[in-house]
Each structure stands twice: as structure tokens, then as C-alpha cells.
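Both backbone and side-chain heavy atoms feed into the values below; hydrogens, waters and symmetry mates do not.
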Amino acid sequence: MDTLASYDELPYDSLPLPETQPDFLAAVAWLHGFEAPDPSRARILELGCAQGGNLIPLAWRWPGSECVGVELSRVQAEAGADFVRRLGLPNVSILHGDLAALPADLGEFDYIIAHGVFSWVPPAVQHALLDLCRRHLTADGLAYISFNVAAGWEQLLPLRQALLERTGSDLPAPERHRQALAVLDTLQREWSDPALLKEIAYLKTAAPSYLFHEYLAEFNAPMTFADFAARLESHALRYVGEAGPRSAVVELEDAWGLAPEGMVGRWLDAEAALDAALATRFRRALVCRDDAGFAQPARADRLESLAFYADLACDEDIDLDAAIGQHFVNPAGNTFPVSDPALKAAVIALSAAYPGALPFRELVSAARGVMDEFSAAASLEEGAFPEALFQLVMSHAVMPTVAAGAHASQPAERPCAHALARLQATSANWVVSGARHVAMDLDPAGRALLAMLDGSRTVEDLALAMQDMLREAGTVLPRETIVELTRRQLWLFARQGLLTA
């Protein structure tokens, strides 16, 4: 196959995916008792990398790594390769090719990323993907493989079937998407199932690429966790853990004293049961070779070897005296309840340090500092703290990492953004990615300001340039307002790690 026509016509947004960061994957693996390679010097392969919106920022972040992306859509692969050339980044390459027919001399990789691929390709390509992982993973390497889960998709399959039947399979992707929107309107009137109506409402506002490739693509094959684990075993691979957020985790009773290899069967059965109980819809599985060390269910006591970061806010006055439930929200709008006063103090400390990360001992000290600063009546109990933090880590309110990193904490007198951010800001169809691998939603004015941050202009210079640009666009604001807006935007850039020291 020379290219993938539907992805040429209607490409997926090429975004940074936080759960694919190798430093995060290594941290998750560590919680499961598996020691993965150092991300800063790793070889990283991404299958189905689109135009590189996920892979290129990883290569930029770790100049000592070697990153290779493979994409079947010729349009997207060429766009990614062109972006790499303009950026002048020597440690990343985007290849146009079929993962089922890759050259044998690619070598081994410490991390293989396959997001949004496995469930959306024919069985032969699924087997090829798993064969590729077994063949190209290093001895202690990790593969990230996401897939749709039958437990959550079972009730949605009638919607996919209706869309497939009521739209023209021979239509170009954009036209078929428009037809699908009309079908959704009809189904919204015809159907009464609450779950299906909720999904229809979401699809009507979702990105066109999501609706098309999830519901109109030729292949979308949800499977049970048990089937996935069996596939892994048949390809000499083994499950390590889940990289996605979890509202509940597996805890094995009567497992004290069992060696990790003795837990495997019970653990996998418990994961399958958890999917059924929670109607899990999507998994992000970590996988290793079957001759690597055995993993086990995640444990809170392993947190002490990691560092953590979080970008959370709370609209309420935070009560550090009592275990009163309060809600913290991340930039994506996800809400996380926190009751324990020490944990609230830890969240405050982490959010103040963001995008930096705090190692466990520093986090404990910083949380105590917050509690002392506000003369909190409660105290931090070291014996209970890891278990409380563990719940926030598993839900992804707090993200673990094996590499803390350093970032500019405030704009300089002449602010300078790094070259990747400036090129993303000036490139059509490219999303600006923060230091913690999150997509930034910038309006045209924000992108224009970011593009100007080459270190040659003062804040006053930048404000004047922004005032001129806005005036030309028909917006007239007082100079002091422009200066204030410019400063706020610069602080946002600093908080997302886009500015150099």
C-alpha cells in the first residue's frame, strides 16, 4: 500500500500525547516493578506517527535520544519530514512506510509507541505490529499499545453500524463525514438509549477526524483484555501495566509472598474483571518482551523513587485543617476530588513548581512547608502519605516521572521562546506543545506573540508590536491593556516551559 487515502484526505490532528512520554512510561513501569531504559538516551520508535506532533517534541526534549517515526499517509509523513528539516533537528526522522513491511535494519528500540493503531488495522497488521515489537524491542524496552476495549464499546457498536450503513463507503472522507453528521441528527430523533444519545451529542462536536476514523473506518475491532493478553503471549510479549488514567486499580488478596511470576495469571484475570466492572472503553497498555523481568500490580511504596508534577487549580478556599473534600481541575477540565489536608498541600506545592517536578522527598518537604505557612492544624503522616498520593497518581491528577528537568520560571527582560515553539506557532496545522507534552490552545494573537519571542525585544517592544497587529485587525485597545495582556501571555508561556532561561 503506497498511502492511506482517508488519512491523506482527513488527517488526525497531530498532537502531543502526555501518556506516551517515555519518562512517564518508565515511571509507570517502575510502579509495576519493571525498570525501563533511561529516556534521555533512548531509541524511540513511533508507529502511525502522523506528521510527528507527538514524536518531534520528544526528540527536541531529549537531544541525546534517537527518534524514528513511521506513517503510512504520504501527505502526513512528508509534512512531518519537512517540519523536521525546517527545525534542523538531527535526532528525529519521519519515514513514509507500512509498519507491516519495515526495513529489517531499523535496529532495536527502548520505547515503541503505537497510539491509535492496533484496533484500527486488519488482523494481519495487528500480528505484524506485535511481531515488530518483539523483534525490535531491547531486552528491557517498553512498547505502548493503545486499543479499544470490548467492555465499553459493546453498547456503542450499534451506532457505528448505523453510520456505516447510512453513509456512502465510496465517498471521499470529508464528504462522508458531512453525511455522517446528518445521520447523527436523524439518529438523535429516532433513538432513546441514554448512552448512545450521549455519544451522538459528543460526536457532533468532536473533531471530524475522530468521527470518521473511529466510526466510519473500515476497521475498528474492540477486544477484551483477556484476548489482548493472549495475543501478547502468542508473540512472546508480556503485559507490564496500564499507562492510562485509572479510577480503580487491581489489588490481589492473599498475594503476600508470591513471586511476580506467580501473580501473572491472577493479575490478568483481575484486569479483565475490572474492565467488565467499569465498562472500560480504551486501554493504553505497556508491553515488554517475555524474557524481560516480570511486572506486577502497581504499588504505592515504589513512589519514593520517582518525581511528580501537576497543573491543578481550585476555585474554593483550600482547607488544610480538616479532611473536607475539595475539587481540583486540570487545564483539560478534568476534576479530581482531594480530601486529605497533606495531599492538598502537596497539590499546592506541585502546582507552584509546574512545569518542574519534585522528587518524592522534596514533595514531602514542600507539602509540610505549605502547611506550616498556613498554620494548618493537620499534619503530614509519612506512613499514610504514599498511599494517598498513589490514588492521585493513578488517576493522572499528579503525573509521575523519572526525570524532573529544569525550566525557566519567569519571562526574562527580553523573552525568548525555544525554536520548536516558535516554529510550531508559525506553521499551519501544527499545535504548540508545552514542556510537559500538553497541547496548548492558542488563538492567532497568542501564536503571533510566541513567534516574536526570539530574545531581541523587550516586553514593551512586544506590546507595541501586538498593538499594531491588533489595530490592523480592527481591534483597538489602550496601551496599558495591551501591556498587561502581553505580560499575562508571557507568564503562560513560562508556565508551559516554552521560554529559555
Side-chain angles (χ1 to χ4, degrees), residues 18-19 21 23-35 241-253 255-256 295-330 334-405 436:
E19 286 92 358
Q21 299 173 93
D23 63 313
F24 166 76
L25 300 181
V28 172
W30 174 255
L31 292 176
H32 287 274
F34 187 93
E35 190 166 359
E242 173 65 29
R246 313 208 74 177
S247 58
V249 295
V250 167
E251 294 183 14
L252 298 181
E253 296 181 359
W256 186 87
Q296 57 190 300
R299 289 181 7 207
D301 62 346
R302 301 185 72 87
L303 292 172
E304 297 187 21
S305 301
L306 302 174
F308 309 90
Y309 60 91
D311 186 9
L312 297 169
C314 182
D315 291 335
E316 312 163 44
D317 290 332
I318 299 175
D319 189 335
L320 298 179
D321 296 322
I324 296 173
Q326 296 185 272
H327 293 88
F328 290 80
V329 182
N330 68 8
N334 300 314
T335 300
F336 305 94
V338 183
S339 298
D340 181 74
L343 202 55
K344 295 178 195 176
V347 168
I348 292 171
L350 288 172
S351 295
Y354 188 85
L358 298 179
F360 182 84
R361 299 311 315 172
E362 290 184 25
L363 176 57
V364 169
S365 177
R368 283 199 170 116
V370 170
M371 299 181 84
D372 290 343
E373 180 183 351
F374 290 96
S375 302
S379 60
L380 189 154
E381 300 294 336
E382 288 208 29
F385 184 73
E387 191 63 45
L389 177 62
F390 183 69
Q391 303 305 316
L392 286 188
V393 168
M394 299 311 289
S395 69
H396 290 191
V398 171
M399 298 287 279
T401 176
V402 296
R436 290 299 176 187

Taking the side chain as every heavy atom from C-beta outward, state whether [X] and [Y] have any atom pair closer than 4.5 Å.
X: Tyr309; Y: Leu350; result: no
X: Met394; Y: Pro245; result: no
X: Leu363; Y: Arg368; result: no
X: Val364; Y: Glu382; result: yes
X: Phe336; Y: Leu312; result: yes
X: Leu306; Y: Val393; result: no
X: Cys314; Y: His327; result: no
X: Val249; Y: Phe390; result: yes

Over all atoms of both residues, closest heavy-atom pair of [X] and [Y]:
X: Ala349; Y: Val370; value: CB-CG2, 4.2 Å
X: Asp321; Y: Pro341; value: C-CG, 4.3 Å
X: Pro297; Y: His32; value: C-ND1, 3.8 Å
X: Glu19; Y: Ala243; value: CG-O, 3.4 Å
X: Ala345; Y: Met371; value: CB-CG, 3.5 Å

I'd like to know if the side chain of [X] and the backbone of [Y] have a donor-acceptor N/O pair within less than 3.5 Å.
X: Lys344; Y: Ala323; answer: no
X: Gln326; Y: Ser339; answer: no
X: Trp30; Y: Ser305; answer: no
X: Ser351; Y: Ile348; answer: no
X: Arg436; Y: Pro355; answer: yes

| query | With sequence neighbours left out, what residues match Glu316 under salt bridge (Lys or Arg N to Asp or Glu O under 4.0 Å)? | reply | none
| note | Asp301 meets the salt bridge (Lys or Arg N to Asp or Glu O under 4.0 Å) criterion, sequence neighbours left out, with Arg299
[atom2] on [Y] to [atom1] on [X], rounded to 0.5 Å:
X: Leu303; Y: Leu389; atom1: CG; atom2: CG; result: 5.0 Å
X: Glu242; Y: Leu31; atom1: CD; atom2: CG; result: 13.0 Å
X: Glu373; Y: Leu320; atom1: CD; atom2: CG; result: 10.0 Å
X: Gln21; Y: Thr401; atom1: CD; atom2: OG1; result: 7.5 Å
X: Phe328; Y: Asp311; atom1: CZ; atom2: CG; result: 12.5 Å
X: Glu381; Y: Asp340; atom1: CD; atom2: CG; result: 9.5 Å

| Parallel, tilted or perpendicular: ring planes of Phe360 versus Phe308, cut at 30 and 60 degrees | perpendicular
| Aromatic ring pairing His396/Phe24, orientation class (parallel under 30°, perpendicular over 60°, tilted between) | perpendicular
| query | What do you reckon, is CG of Asp317 surrounded by more than 12 foreign heavy atoms closer than 6.0 Å? | reply | no
